[in-house]
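All ligand and atom numbering here is 1-based and tracks the order in the structure.
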Amino acid sequence: MSEGAAKKEEKPRKFQAIRGTRDLLPPETVLWNRVERTAHEIFATFGFGEIRLPVFEPTELFARAVGGETDIVSKEMYTFEDHEFKDLAAFRTTLISKQPWIEDKKFFHAYEIQVAEFREVLSNSMSRGLIPKTPENLRVAEDLGHALDIIAGSREQYTQEGKQEYLERFNLFVGQVRQYLIAVTLGDEVSLRPEATASVCRAYIEHGMQQLPQPVKLYYMGPMFRRERPQKGRYRQFYQIGAEVLDRVRPADTILRDVAKELRRDAVIDAEVIEMLMTFFGKCGLQGTTLYINSIGHNAPNCRRGYVEKLRAELTKIKDKLGPDSQRRIDTNPLRVLDSKLESEQPYIEKLPRIADHLCEDCATHYSAVKHQLEMRGVIYRENWRLVRGLDYYMRTTFEITAQGLGSQNAVCGGGRYDGLVELLGGSPTKGIGFAIGEDRLILSLQEIEKRNRESGVHSPLSTLHSPPLYIAWMGERAYATAIRAAKDLRKAGFSVELPPVEQKFGIALGRAVQLGAQYVLILGDNEVTSGEWTLKTLADGTQQKLTEPQLLDFLRKL
Ligand code: HAM
C-alpha cells in the first residue's frame, strides 16, 4: 500500500476537550450572558469599573500573594517556562539525561563539547538580552566552565594514575553539571491564573491607581485554571466573576490615626461589598443561598498568631484522632484543619478553641461593626467560626456563600479582606476586600432552580431567556428580496429572525419553524409583496393575520 493510501486508511484522531475543561453551548450560553450582563449592570450601580486582566502572569506573583504552601500554588497551577528556545530546551533535556562514563573517551569528548556549546549559547543569548540575566543563570554560565575543567582534569589524572579519588571527583562534577543545567531558566516562569485578586493588586500598583481617588473599585470576569480533580461544579478551567475594593492608606492617616474611624470605614466597605454581592444574586434569581461570615483576625501575637499556637497545642493533644491530612496540617497550617469535612474528625473539631474568643480589640471591634453594617443593609448572615479559606492573604473578614443543587461543591462565592497584600507585592500600604463568584456553580444552581420551577409549573424569569425566532417562509425570487429587507429591519429592531437560504415548500417551512421553537411565521409570497400586506401565522392556534411592515413591528413589540 502506498504511503498516501495508508494515510487515507488511518482514522483521523478524534479530539476531545481536555479533562476538566468543557465547551459551553447554546442555548446554555444565553444564561451565561444574562448572568454576566446582570453583573455589569449591578456592579456599575455600586460604582465599580471593569478591569480585564491577562490570563497568565509570573508564577512568582501567585506564589507571593496566594502563598507558596497553599494547595492552589503548590499543586494546582499550570506552569511553564515562557521562551522561544525550543531547540535549546530540548538540547538541555538531552544533556541532563546523559551519564558520561570515565573510561569512554569518545563519548565523553562529545559530551564535553556539547556542554561547552550549551554554555556558549547561554552566555551569548544572555548578553543579547534573549535569555533573562538572572543571578542563577549568570552563575551557571560561569560554573559550567569551571566544572568542565575539573571533569577533564580528573579524567586525565584517573587515566594516568588510576586513583579512586579522581573517579569520585569526576562523578561528583558530572552530577554538578546536571544540577546547573536544571537550574537554568531559559525564560520567565509563568502560570495560568488560578485566581485574579493577585493580578488586580499587580495592576493597581503597575498603573499607579494609588493616585486615583480612593477606594478604587474594580470587577472582572473570565476563566481561571486549577489542576483539581474534576467533578460536578469543579473544573480545571472554570469561570469567576469577582470584585475588589482597594483603599490606599494615606501617610497622614498613619501619623494621626483615628483607629475607631478607620475600623468603621473598613467595616462599611466590607458590608457594602457583601450587599452588592447579595443584590447581584437576588437579581439573577438565585434562591436558597446562605451567607457565612467570620473574622480570622490579623497576624499578630495578641490575635491570630496567638490563636494558631493555642489551636496547634490542642490539635497535638488529639493528633491520633485525626486523619493524615489534618495531622500534617497541625505543623503546616493548623487553621486549615477547621476546613476538614472528614466525618470522624467533626466531634473533635467542634470542641476546639474558637477564634472569636481570641481576636484582639481592633479586630473584634471591626467584626462587630461589619455585622452591624450588614444588619443595617438587611443582609442576612450566619456566623461560621470554622470559615478560614484556603488562600494566605486574608485577614479579618472572611465570607462564603453556599447555594442549592450543587452537591459537595456548594460554595458559589468566596471572599474576604486582605489588607497588606498590595504592600507584599511592592506597592504602598493599601487595604483590600473582595470576592469571587464561581460562575459555573452559579449557573448550575440557576439551572436547578429553573428545572424545579418548570416541574412545579411556576413561571421563572429564566424561562423567557431565549427569545424565540420569527421564521420567514418566502416563495419566489421577488419575495426573497422583500424577505431579506424584512429580516434586516426586524433584526435592527432587536428581533431574532430565521431566514431560510433556499425556498422551501410551505409544509417544510412550518415544520422547520416548529423545530426551531418559533411561535410566529411570516409568510411572504407574490401576493404579499404586491399588496404590501404581509401574512403572519400564529403557530399555537394556526390563525393568520394581514399586517403592513409597521403594523408587524408594532405587534411584535407588544408581545
Ligand atoms: P476561591 O474561594 O478560591 O477564592 O474561589 C472563589 C470561588 O470560585 C469558589 O467559591 C468557587 O465557587 C469557585 N471555584 C474555585 N475553584 C473552582 C473550580 N475548580 N471549579 C469551579 N469553581 C471553582 C478566590 O479565588 C479569591 N480570589 C476570592 C477573593 C477575591 N478574595 C478576595 N477577593
Side-chain angles (χ1 to χ4, degrees), residues 19-22 24 35 43 48 51 53 57 61-62 65-67 70-73 75-78 192-204 215-247 269-270 273-274 276-277 281 286 289-294 296 336 339 387-422 430-446:
R19 191 168 132 80
T21 72
R22 64 212 176 109
L24 304 170
V35 160
F43 295 176
F48 281 68
I51 181 166
L53 300 154
E57 299 262 13
L61 173 70
F62 302 116
V66 178
T70 58
D71 284 355
I72 296 178
V73 171
K75 301 187 198 150
E76 298 168 0
M77 284 210 297
Y78 287 94
L192 297 184
R193 60 179 185 190
E195 61 105 53
T197 309
S199 305
V200 171
C201 292
R202 195 256 316 129
Y204 176 81
V216 173
K217 304 195 243 179
L218 300 165
Y219 74 92
Y220 52 86
M221 47 186 81
M224 309 290 154
F225 306 85
R226 295 184 194 173
R227 202 173 185 290
E228 294 191 84
R229 199 169 44 77
Q231 65 179 90
K232 182 184 173 189
R234 188 158 74 193
Y235 312 97
R236 291 181 170 179
Q237 175 173 338
F238 60 100
Y239 295 80
Q240 281 188 344
I241 299 178
E244 315 288 348
V245 179
L246 293 157
D247 197 11
I269 293 179
D270 292 8
V273 163
I274 298 175
M276 175 171 92
L277 179 60
F281 280 150
L286 188 67
T289 53
T290 309
L291 162 67
Y292 293 98
I293 63 164
N294 191 22
I296 56 164
R336 289 305 304 280
D339 255 357
L387 182 63
V388 290
R389 316 253 316 117
L391 301 90
D392 278 359
Y393 49 62
Y394 291 115
M395 54 97 68
R396 292 195 175 149
T397 313
T398 52
F399 57 95
E400 229 165 67
I401 290 144
T402 58
Q404 290 178 339
L406 293 173
S408 63
Q409 301 304 314
N410 65 349
V412 75
C413 175
R417 178 162 275 280
Y418 49 84
D419 298 358
L421 176 57
V422 168
T430 305
K431 298 179 175 193
I433 166 106
F435 62 79
I437 296 162
E439 194 177 353
D440 308 73
R441 297 185 190 174
L442 172 59
I443 300 282
L444 271 174
S445 193
L446 289 174

Worksheet entry | Polar side chain donor-acceptor pair, Tyr239 to Gln237, under 3.5 angstrom | yes

Could you tell me whether [X] approaches ligand 1 through its side chain, its backbone, both or neither, with non-hydrogen atoms closer than 4.0 Å?
X      : answer
Gln409 : neither
Met224 : neither
Pro194 : neither
Phe435 : backbone
Glu228 : side chain
Phe225 : neither
Leu391 : side chain

In the structure I gave you, are the side-chain heavy atoms of [X] and [Y] within less than 4.5 Å of one another anywhere?
X      : Y      : answer
Leu246 : Cys201 : yes
Ile437 : Phe281 : yes
Phe435 : Ile274 : no
Ile293 : Leu387 : no
Val35  : Ile241 : yes
Tyr204 : Glu244 : no
Thr430 : Tyr418 : no
Ile72  : Glu195 : no

Fill in: side chain to side chain contact (heavy atoms under 4.5 Å, CB included) evaluation trace for Thr398 with Val388
CA-CA 7 Å; Thr398 52; Val388 290; over 6 Å; no

Identify the protein heavy atom lying closest to [atom], giving its residue, its atom name and the separation to 0.1 Å.
atom                    : result
atom 14 (N) of ligand 1 : Phe238 CE1, 3.5 Å
atom 26 (C) of ligand 1 : Tyr393 OH, 3.4 Å
atom 9 (C) of ligand 1  : Ala411 O, 4.1 Å
atom 7 (C) of ligand 1  : Ala436 O, 3.5 Å
atom 13 (C) of ligand 1 : Gly438 CA, 3.6 Å
atom 32 (C) of ligand 1 : Gly434 O, 3.2 Å

So if I count the atoms of ligand 1 from 1 in the order they appear, which ones are less than 4.0 Å from some heavy atom of [X]?
X      : value
Gly233 : 20 (N), 21 (C), 22 (N)
Tyr418 : 32 (C), 33 (N)
Tyr394 : 26 (C), 28 (C), 29 (C), 31 (N), 32 (C)
Gly414 : 10 (O), 28 (C), 29 (C)
Glu195 : 25 (O), 26 (C), 27 (N)
Gly415 : 31 (N)

Before signing off on this row, confirm whether [X] and ligand 1 have an N or O atom pair separated by under 3.5 Å.
X      : answer
Ile433 : no
Arg234 : no
Glu244 : yes
Tyr235 : yes

Determine whether a donor-acceptor pair (N or O, by modelled atom type, separation under 3.5 Å) exists between the side chain of [X] and the backbone of [Y].
X      : Y      : answer
Arg227 : Tyr78  : no
Arg441 : Val412 : no
Thr289 : Ala403 : no

Practice prompt. Using heavy-atom distances, let me know which of Glu400, Glu439, Arg193, Gln240 sits nearest atom 25 (O) of ligand 1.
Written response: Gln240

Please verify whether a non-hydrogen atom of [X] lies at under 4.0 Å from ligand 1.
X      : answer
Arg389 : yes
Gly242 : no
Tyr239 : no

Discussion item. side-chain hydrogen bond (donor to acceptor under 3.5 Å, both in side chains), that's the test. Do Tyr393 and Thr197 meet it? Break it down for me.
Written reply: CA-CA 10 Å; Tyr393 49 62; Thr197 309; 3.2 Å; yes

Worksheet item: Salt-bridged, Arg22 to Asp440, with N to O below 4.0 Å?
Response: yes

Discussion item. Between Tyr219 and Phe43, is the ring-ring contact (aromatic ring centres under 6.0 Å, His included) condition met? List the steps.
Written reply: CA-CA 8 Å; Tyr219 74 92; Phe43 295 176; 5.3 Å; yes

